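What you see is a predicted model, and the numbers here were worked out from it, not measured in a lab. To find a chain, count down the sequence lines: A is the first, B the second, and so on, and within it residues start at 1.
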There are 2 protein chains.
Amino acid sequence: MTKFGQDLIESANEALAIALGKAKPARTITVETVDVAAIRKRLGLSQDAFAKKFGLSAATLRDWEQGRRQMDRTAQAFLKVIDRAPEVVEKALKAA
Amino acid sequence: MTKFGQDLIESANEALAIALGKAKPARTITVETVDVAAIRKRLGLSQDAFAKKFGLSAATLRDWEQGRRQMDRTAQAFLKVIDRAPEVVEKALKAA
DNA sequence: GATCTTATACGGCATTGCCGTAGTCTGGTC
DNA sequence: GACCAGACTACGGCAATGCCGTATAAGATC
């Protein structure tokens, strides 16, 4: 079985436990999905190139795309802006 | 003496120690300064309003402005963009 | 003085940021 | 087929942050 498959099952079990009141949600966050990989691929950039262009750490980007870490609110907001106005972001950062 | 004054002195002593080779830098980062409070005040917003408008956590914003926490790379990049194109950012986030 | 707003200060813990590195896959070149 | 380089996945690991809450201070308005 793939790792993704295992993760899915784990998540499902956890969700069930929470629903049954047997477990508490680790945190309550709005489940807004920001698909970094999708945004990046739409821009036709490698992970390293994307990270460099938008001032991110390549390591952190990796963690996000691999589902190892959750983006915090700041990152989510930033990624949305990158998604909608990548060129503006790029220019703003170049003007540093 | 103000807290800011104390911080300054502490930082100076630490920098000296590092320069003398008596201490290691906690981390090597580019010392790019992003003054959140300045950006926010220029926009005429309270901490809460600023946080809400740009999708940040008010608690995190507080920590940054109080010098309690260091902004990570993502946050620094984002803040620069907010600094240079606040309206674009705002619109991009509204279009969620 | 009473009240409201805004900002500072800080305890606290789960979770992330970021570094490094090993392994896999694909496409190109010899 | 063997080999190399670029891109991605996977993950150990620790210092540091994210985010919550709350108590206190300073300024404005009544």
Rounded to whole Å, please give me the gap between [atom1] in [X] and [atom2] in [N].
X: Gln47(B); N: dT5(C); atom1: CD; atom2: P; result: 15 Å
X: Leu45(A); N: dA7(D); atom1: CG; atom2: C1'; result: 13 Å
X: Leu61(B); N: dA7(C); atom1: CG; atom2: C1'; result: 11 Å
X: Phe50(A); N: dG6(D); atom1: CZ; atom2: C1'; result: 19 Å
X: Gln76(B); N: dG18(D); atom1: CD; atom2: P; result: 11 Å
X: Lys41(B); N: dG27(D); atom1: NZ; atom2: P; result: 13 Å

Checking Arg84(A) side chain against Lys91(B) main chain: does a donor-acceptor pair fall under 3.5 Å?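 No: the side chain of Arg84(A) does not pair with the backbone of Lys91(B).
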
If only atom types and distance count, is the side chain of Arg73(A) paired as donor or acceptor with the main-chain N or O of Gly55(B) below 3.5 Å?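 Not confirmed, Arg73(A) side chain does not pair with Gly55(B) backbone.
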
Given the rule in the side-chain contact (heavy atoms from CB on, under 4.5 Å) test, do Asp72(A) and Thr74(B) qualify, once you have shown the distances and angles that lead to the verdict? CA-CA 10 Å; Asp72(A) 58 36; Thr74(B) 308; 5.7 Å; no

Determine whether Arg42(A) and Asp83(A) satisfy the following criterion, side-chain contact (heavy atoms from CB on, under 4.5 Å), listing intermediate values before the conclusion. CA-CA 9 Å; Arg42(A) 195 159 55 66; Asp83(A) 186 24; 2.2 Å; yes

If you compare every side-chain N and O of [X] against the phosphate oxygens of [N] (OP1, OP2), does one of them come in below 4.0 Å?
X: Arg40(B); N: dT6(C); value: no
X: Thr60(B); N: dC19(D); value: yes
X: Trp64(A); N: dG17(C); value: yes

Any chance you could lay out the side-chain contact (heavy atoms from CB on, under 4.5 Å) test for Val81(A) and Phe78(B), step after step, and finish with the verdict? CA-CA 9 Å; Val81(A) 178; Phe78(B) 190 29; 4.0 Å; yes

Give every pair of a protein N or O atom and an N or O atom of nucleotides 21-24 of chain D that lie under 3.5 Å apart, one pair per line with the distance.
unit_1: dG21(D); atom_1: O6; unit_2: Arg62(B); atom_2: NH2; d: 3.1

Check this for me: does any side-chain nitrogen of one of Glu90(A) and Lys94(A) sit under 4.0 Å from a carboxylate oxygen of the other?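 Answer for the salt bridge query: yes.
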
Which residue, Met71(B) or Ser46(B), contacts DNA chain C at a nucleotide closer to its 5' end, judged by nearest heavy atom?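 In this pair, the answer is Ser46(B).
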
Closest nucleotide of DNA chain C for Thr74(B) versus for Glu65(B): which of these residues is on the 5' side?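 Its nucleotide being nearer the 5' end, the pick is Glu65(B).
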
Do the side chain of Arg69(B) and the base of dG12(C) come within less than 3.5 angstrom through a donor-acceptor pair of N or O atoms?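 Yes, a donor-acceptor pair under 3.5 Å.
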
Any donor-acceptor pair under 3.5 Å between the side chain of Arg73(A) and the base of dG18(D)?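 Absent.
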
Within one Ile-Leu-Val-Met-Phe-Trp-Tyr cluster: Leu56(B) and Leu45(B), side-chain cutoff 4.5 Å: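 Cluster IDs for Leu56(B) and Leu45(B) match.
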
Heavy atoms, side chains only, cut-off 4.5 Å: are Ile39(B) and Phe54(B) in contact?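 Ile39(B) does not reach Phe54(B) side chain to side chain.
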
Considering all heavy atoms, the nearest Leu93(A)-Ala77(B) contact: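 Nearest heavy atoms, Leu93(A) then Ala77(B): CD2-O, 3.6 Å.
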
The helix from dG1(C)-dC30(D) to dC30(C)-dG1(D): angle between end helix axes, five pairs per end, rounded to 10 degrees: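 Answer for the end axes of this duplex: 40°.
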
